[in-house]
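FYI, the numbering just counts along the sequence from 1. It should be emphasised that the depicted structure is a prediction, and the values quoted were computed from it without experimental measurement.
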Amino acid sequence: MTGAEQDEAGARRGRRGAGGGAARRAERTAPRLEVARYIERNIPNFEILTPEAIEIIEANAETVLEEIGVNFVENPEALRRWREAGADVRGERVHIPRGLARELCKTAPQRYTQHARNPERSVEIGGRTLVLAPVYGPPFIRDRDGGRRYATIEDFRTFVKLGYMSKWLHHSGGTVCEPTDVPVNKRHLDMLYAHMSLSDKPYMGSVTAPERARDSVEMSEILFGRDFVAQNTVMTSLVNINSPLTFDGIMMGALEVYAAANQAAIVSPFIVGGAMAPVSVAGTLTQVLAEVLAGVAYSQLVRKGAPVIFGAFVTSIDMNSGAPTFGTPEASKILWGAGQLARRMNLPFRSGGGLCGSKLPDAQAAYESANTLNAALLGGVNFMLHACGWLEGGLVASPEKFVMDADQLGVLHSIAAGIDISENGQAMDAIREVGPGGHYLGCAHTQANFKEAFWRTQVLDYKPFEQWSDEGGADTFELAARRVRRMLDEYVQPALDPAVDEALKDYIARRKAAEPDAFV
């Protein structure tokens with residue numbers, strides 16, 4: 001599709017919504033989904049670092065950048081940019097003078113809008129907001145019926161549908177699982193199309209090669225219109241740093257594509273403490289800050305003002321088995337400290353999620369996931385990847401765990417809202433009406449507020465024992481499986497302009513035909 005054709009398609013469908021008469025008619029007749037707006041925190045952030053500790057960590061990070069340096073491998077253009085910016089480049093090692101990286105980072109925005117094709121689903125990332133996105137990256141699936149197996153593109157579509165149907169989830173995510181039945185060099189096209197066509201929430205682009213990032217931008221230009229994409233952010237994508245202190249050409253190539261197109265990137269160290277960073281909390285925070293400073297600064301060398309997120313994905317390690325561990329106190333401390341460091345840089349912050357090392361959606365999964373979700377809420381996270389669906393250290397995505405986690409995200413919404421101290425929240429009329437020795441079940445205040453007064457689960461069981469037993473005595477795994485089946489049965493695809501849909505399919509067909517299949 002030519003640029004003119006993309007502009008014409010974008011103009012036909014309007015600014016962002018699904019245009020066209022047929023699409024509008026379908027939209028009017030489709031059932032309305034109840035989808036919560038992204039979270040605006042009305043609670044304070046938990047800050048674990050003292051001013052003295054922050055000063056020490058920031059000074060140590062600058063020392064790392066200046067004296068030890070960071071590697072930008074297989075990327076001569078990056079070395080050229082750093083050299084011109086004033087860094088000392090020795091081979092592929094970049095030594096960044098004290099203060100240079102932090103100065104470059106100042107042009108990155110504190111907050112930005114990621115637009116969805118349905119404007120009602122657009123999100124604000126940064127400041128006091130929290131945007132929740134699903135699991136990212138697992139090559140395996142585990143469900144109640146089929147057990148553990150490699151993921152397929154149909155599994156991928158299932159997760160996109162579940163994300164679209166989930167009330168508390170704001171974002172469709174990216175690689176919600178790795179569809180191994182599609183060639184490696186072409187699967188990103190099918191994954192993007194699934195997000196674009198099966199959901200109308202915001203989505204992430206591909207980062208596994210620079211050309212796949214370009215495909216993501218070009219497909220987004222078809223969906224939104226080229227002019228709109230040129231002026232607005234429609235993707236937030238994950239760029240991992242190869243910790244310790246190494247920026248590889250593949251991920252940096254994707255970052256370059258997105259920054260140049262004014263699309264957002266999460267610059268995120270990927271750290272297993274004790275293996276890819278020091279075992280101490282302060283040492284890990286020092287390395288995280290150094291890596292993020294270098295990565296964010298580089299995005300601004302590509303394009304000043306490009307939106308970027310301070311990322312921190314850190315887990316500890318079991319020193320007996322070498323396996324990563326989740327929901328640990330050390331990981332929470334690092335998350336809270338990294339949040340403080342991100343806020344001092346005036347950058348949006350990414351961390352957290354429903355992380356666990358368990359093989360099943362069991363008690364271990366619940367404990368570890370709850371620890372991480374709550375730490376992220378209190379730590380000021382703005383973009384939470386892996387908010388639902390994660391099992392087995394990120395190797396497995398589970399539809400049952402997905403709906404269990406997504407249900408619990410409603411708790412985060414409620415806590416983040418804080419305490420209502422309006423006249424209705426004070427409830428003095430109820431206290432006067434009931435008086436000593438009465439009950440509140442029938443009073444006017446209860447009758448006016450009971451529908452919204454308490455968070456209510458859509459998965460867990462609160463029935464009396466007898467009723468629960470008579471209905472089969474289902475455990476939470478089974479209740480979640482029933483919820484998955486019900487959501488998929490009720491799924492209705494959001495309307496999409498047929499002309500835009502056809503243009504996307506044509507783009508995918510041409511790109512797939514342009515090169516042979518590759519599975520490595």
query: Under 3.5 Å, side chain of Lys401 to main-chain N/O of Gly354, donor-acceptor pair present?
result: yes

- request: Scan for salt bridge (charged side-chain N to carboxylate O under 4.0 Å, His left out) pairs involving residues 241-268, sequence neighbours excluded, and state none if there are none.
  value: Arg81-Glu256

message: I'd like to know if the side chain of Trp455 and the backbone of Ser414 have a donor-acceptor N/O pair within less than 3.5 Å.
response: no

message: Less than 4.0 angstrom from a charged side-chain N to a carboxylate O is my criterion; do Glu62 and Arg98 meet it?
response: no

task: Using side chain to side chain contact (heavy atoms under 4.5 Å, CB included) as the criterion, list what pairs up with Pro307, not counting sequence neighbours.
output: Pro109, Tyr112, Thr233, Asn262, Ala264

field: SB check Glu120 Arg37 (cutoff 4.0 Å)
entry: no

message: Which heavy atom of Pro399 sits nearest to which heavy atom of Leu162, and what is that distance?
response: CB-CD1, 4.0 Å

- prompt: Are the side chain of Thr129 and the backbone N or O of Gly127 linked by a donor-acceptor pair below 3.5 Å?
  reply: no

message: Between Lys333 and Glu330, does any side-chain N to carboxylate O distance fall below 4.0 Å?
response: no

field: Where Gln114 and Thr236 come nearest, the two heavy atoms and their spacing
entry: OE1-OG1, 2.8 Å

- prompt: Between Phe402 and Trp390, is the gap from one ring center to the other below 6.0 Å?
  reply: no

Asn371 side chain to Gly327 backbone, donor-acceptor under 3.5 Å: yes

Ser199 side chain vs Tyr164 backbone, donor-acceptor pair below 3.5 Å: no

task: Hey, could you give me each pair passing ring-ring contact (aromatic ring centres under 6.0 Å, His included) that has a residue in residues 197-222? Not counting sequence neighbours.
output: none

task: Would you mind listing every ring-ring contact (aromatic ring centres under 6.0 Å, His included) that reaches into residues 229-251, with sequence neighbours excluded?
output: Phe72-Phe247

In a table with atom names and distances, give each donor-acceptor pair under 3.5 Å that connects a side chain of residues 308-317 to protein atoms at least two apart or in another chain.
{"unit_1": "Thr315", "atom_1": "OG1", "unit_2": "Thr325", "atom_2": "O", "d": "2.0"}
{"unit_1": "Ser316", "atom_1": "OG", "unit_2": "Thr325", "atom_2": "OG1", "d": "2.6"}
{"unit_1": "Ser316", "atom_1": "OG", "unit_2": "Thr328", "atom_2": "OG1", "d": "3.2"}

- request: Please check if the side chain of His386 supplies one atom and the backbone of Gly352 the other of a donor-acceptor pair under 3.5 Å.
  value: no

Counting only pairs under 3.5 Å, give me each side-chain donor-acceptor contact of residues 267-283, with atom names and distances, residues two or more places apart or in other chains.
{"unit_1": "Ser268", "atom_1": "OG", "unit_2": "Arg350", "atom_2": "NH1", "d": "2.9"}
{"unit_1": "Ser280", "atom_1": "OG", "unit_2": "Gly283", "atom_2": "N", "d": "3.1"}

message: Regarding Arg511 and Glu218, does a basic nitrogen lie under 4.0 Å from an acidic carboxylate oxygen?
response: no

